[in-house]
Undergrad: 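Okay, here's the structure, questions in a sec.
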Amino acid sequence: MVFYCDVSLVTILGFLAFPIISLSHNTPEESAANYGGDWTYFVDDYGDSLVLNFSKILDDTEDFIVGDAYFYLYTRNNNNNPENLTIPEIDEPIQSVYFNKSNDIRILTHGWRTSASVEWLQKIKDAFLREYDINVIIVDWYELSKNEIYPLAAISTRYVGSRVARLINTLAQTYGLSGQNIHLIGHSLGAHVMGYAGMFSKQKIFRITGLDPARPLFEIPAMPADFCLDKNDAEFVDIIHTSGGVYGYRRSYGHADFYPNNGLPMQPGCNGIKQAIDACSHSRSHEYFEESIEYKPEEGFVAYVCDSWEDFENDKCKENPTSSMGYPASPKSNGNYYLRTRNESKYADVL
């Protein structure tokens, strides 16, 4: 299958073609004026911003980093001592000391240039195990995500997603599970990892949550549905937009799309130069989600279905259906939801 773009294609790993676009450390002002056409800038999970130059094509694939994805299981019995889950190379049961087949499964992953140890991911894991007796699996694909050439990290999401799907299929076969108790959560590029996992899984995944899914090379240029997270990847796909039109999706791709503070930078409490504001806003998606884990449905981040932010601001949506943004979101939610947040934790704003 092929990603389509306006530049030349280079075959990678024998099964996927993708435009190879170089990365520059120049500032946007030093780059081409055509943002989104000749250049864009992007941020990793640590908030470091880099400029992606769309006008220069790599000569070869020497900077492509070969690596793999690793799976770390946490439960209440090993909260601080992760168990490395190894997928058997042949059709055999997976081996685990801590996995409890009676408990639900939450699978989490990070974005560009980071790993399973990134603080926000560990905080979400801790929040889950504090509130629920479940299996939490963190996907670490740092060997691939660490590549500073963003397009090479971006195309790796497909491979990593296929590995997550294989893990799910092996767990299902070993323990007689279905996708109904599985919830996948990913931030930025990690959201697309989970979209691919849902697409490749033999089990129909119940829910995928995209935390400000990465925009460059997924929404700009626009990709076919099979190459980006959308509502086809699970029974219920909810998306939290916090840096829409810059680092994250601007348009609606889920069953329920949540637009706190209109889903744009700057999110409340994010200040400074534009790049810092955009990076802070991109991170707000996982901060909102972490906080939401402690809330029950219709508490905390209550959002209203609305046709636009303008209608929401003008109090035209108060009688419309509501849903909680984040973990307690109702799987029956459908449409675009708007809400306000505070400018610091606790972010939930009771309206």
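Because the structure is a prediction, the values reported are computed rather than measured.
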Undergrad: Are side-chain heavy atoms of Phe71 and Ile87 found at a separation under 4.5 Å?
TA: yes

Undergrad: Closest heavy-atom contact between Pro88 and Pro93?
TA: CG-O, 3.5 Å

Undergrad: Are Leu177 and Leu167 connected in a single hydrophobic cluster, I mean Ile/Leu/Val/Met/Phe/Trp/Tyr linked by side-chain heavy atoms less than 4.5 Å apart?
TA: yes

Undergrad: Which distance, rounded to the nearest 0.5 Å, do you find between the CZ of Arg207 and the CG of Asp233?
TA: 14.5 Å

Undergrad: So, do Tyr253 and His241 have ring centers that fall under 6.0 Å from each other?
TA: no

Undergrad: Just do the side chain to side chain donor-acceptor pair (under 3.5 Å) check on Gln180 and Glu235 with the steps written out, would you?
TA: CA-CA 9 Å; Gln180 287 301 301; Glu235 289 187 15; 2.5 Å; yes

Undergrad: Checking Gln173 against Asp91: is there a side-chain donor and acceptor pair closer than 3.5 Å?
TA: yes

Undergrad: Is it true that Asn336 and Ser252 share a donor-acceptor pair across their side chains at a distance under 3.5 Å?
TA: yes

Undergrad: Calculate, to the nearest 0.5 Å, the distance between atoms CD1 and CG belonging to Ile239 and Leu229 respectively.
TA: 4.5 Å

Undergrad: Indicate if Ile293 and Leu211 have the same hydrophobic cluster label, given that clusters are the connected sets of ILVMFWY residues with side-chain heavy-atom separations under 4.5 angstrom.
TA: yes

Undergrad: If two hydrophobic side chains count as joined below 4.5 Å and joins carry through other members, does Met223 share a cluster with Phe200?
TA: yes

Undergrad: Looking only at heavy atoms, which two atoms of Pro216 and Val246 are closest? And how far apart?
TA: CD-O, 4.3 Å

Undergrad: How about Ile137 and Tyr72: do any of their side-chain heavy atoms sit closer than 4.5 Å?
TA: no

Undergrad: For the aromatic rings, using the six-membered ring if either is Trp, is the centroid distance between Tyr304 and Tyr338 under 6.0 Å?
TA: no

Undergrad: Quick one: which of Tyr159, Tyr249, Phe227 gives a ring-ring contact (aromatic ring centres under 6.0 Å, His included) with His192?
TA: Tyr249

Undergrad: Taking it one step at a time, do Thr86 and Gln95 satisfy side chain to side chain donor-acceptor pair (under 3.5 Å)?
TA: CA-CA 8 Å; Thr86 302; Gln95 301 296 318; over 6 Å; no

Undergrad: Look at the side-chain heavy atoms of Ile, Leu, Val, Met, Phe, Trp and Tyr, link any pair under 4.5 Å apart, and say whether Ile205 and Ile94 land in one connected group.
TA: yes

Undergrad: Do Glu290 and Lys123 touch side chain to side chain, with heavy atoms closer than 4.5 Å?
TA: yes

Undergrad: Tell me, yes or no, whether the heavy-atom count around Lys101 atom NZ, taken from other residues, nucleotides or ligands under 6.0 Å, exceeds 12.
TA: no

Undergrad: At what distance, to the nearest 0.5 angstrom, does CG of Leu85 lie from CD1 of Ile138?
TA: 11.5 Å

Undergrad: Compute whether any side-chain donor of one residue and acceptor of the other, for Tyr74 and Glu83, lie under 3.5 angstrom apart.
TA: no

Undergrad: Quick check for you: to the nearest 0.5 Å, what is the distance between Asn84 atom CG and Leu73 atom CG?
TA: 10.0 Å

Undergrad: Side-chain contact, heavy-atom cut-off 4.5 Å: Met194 with Ile107?
TA: yes

Undergrad: Would you tell me whether Thr341 and Gln267 have side-chain atoms, one donor and one acceptor, within less than 3.5 Å of each other?
TA: no

Undergrad: So do the side chains of Pro260 and Met325 get within less than 4.5 Å of each other, counting heavy atoms only?
TA: yes

Undergrad: Would you confirm whether the ring centroid of Trp112 sits within less than 6.0 angstrom of the ring centroid of Tyr150?
TA: yes

Undergrad: Between Tyr132 and Arg106, does a side chain to side chain donor-acceptor pair (under 3.5 Å) hold up when you go through it step by step?
TA: CA-CA 11 Å; Tyr132 302 97; Arg106 305 292 176 258; over 6 Å; no

Undergrad: With rounding to the nearest 0.5 Å, note down the distance linking NZ in Lys202 to CZ in Arg166.
TA: 9.5 Å

Undergrad: How long is the straight-line distance from CG of Asn135 back to CG of Asn77, given to the nearest 0.5 Å?
TA: 10.0 Å

Undergrad: With a 3.5 Å distance limit and no angle check, can you tell me whether Ser281 reaches the backbone of Ile277 through a side-chain donor-acceptor pair?
TA: yes

Undergrad: Measure from the ring center of Phe236 to the ring center of Phe206 and say whether it is less than 6.0 Å.
TA: no

Undergrad: In terms of ring plane angle, is the pair His286 and Trp120 parallel, tilted or perpendicular, where the classes change at 30° and 60°?
TA: parallel

Undergrad: Considering the options Leu108, Asp212, Thr209, which one meets the side chain to side chain contact (heavy atoms under 4.5 Å, CB included) requirement together with Phe289?
TA: Thr209

Undergrad: Report yes if the distance between the aromatic ring centroids of Tyr288 and Tyr327 is under 6.0 Å, otherwise no.
TA: no

Undergrad: Parallel under 30°, tilted from 30 to 60°, perpendicular over 60°: which one fits the rings of Phe258 and Tyr337?
TA: parallel

Undergrad: Looking at Asp307, I'd like to know if its CG atom is crowded, meaning that more than 12 non-hydrogen atoms belonging to other residues, nucleotides or ligands lie closer than 6.0 Å.
TA: no

Undergrad: Could you verify whether a donor N or O on one side chain and an acceptor N or O on the other, from His282 and Ser188, lie under 3.5 Å apart?
TA: yes

Undergrad: Would you say the side chain of Arg250 lies within less than 4.5 Å of the side chain of Leu264, judging by non-hydrogen atoms?
TA: yes

Undergrad: If you take all heavy atoms of Arg163 and Ala69, which pair is closest and at what distance?
TA: CB-CB, 4.5 Å

Undergrad: Please assess Thr242 against Tyr247 for the test side chain to side chain donor-acceptor pair (under 3.5 Å), listing each intermediate value before the final yes or no.
TA: CA-CA 9 Å; Thr242 55; Tyr247 298 141; over 6 Å; no

Undergrad: Just by distance, no angles: are the side chains of Tyr142 and Arg113 close enough, under 3.5 Å, to form a donor-acceptor pair?
TA: no

Undergrad: Following the transitive rule for hydrophobic clusters with a side-chain heavy-atom cut-off under 4.5 Å over Ile, Leu, Val, Met, Phe, Trp and Tyr, establish whether Ile168 and Tyr98 coincide in one cluster.
TA: yes

Undergrad: Where do Ser345 and Glu291 land on the side chain to side chain contact (heavy atoms under 4.5 Å, CB included) test, with the steps shown first?
TA: CA-CA 8 Å; Ser345 183; Glu291 183 178 320; 3.8 Å; yes

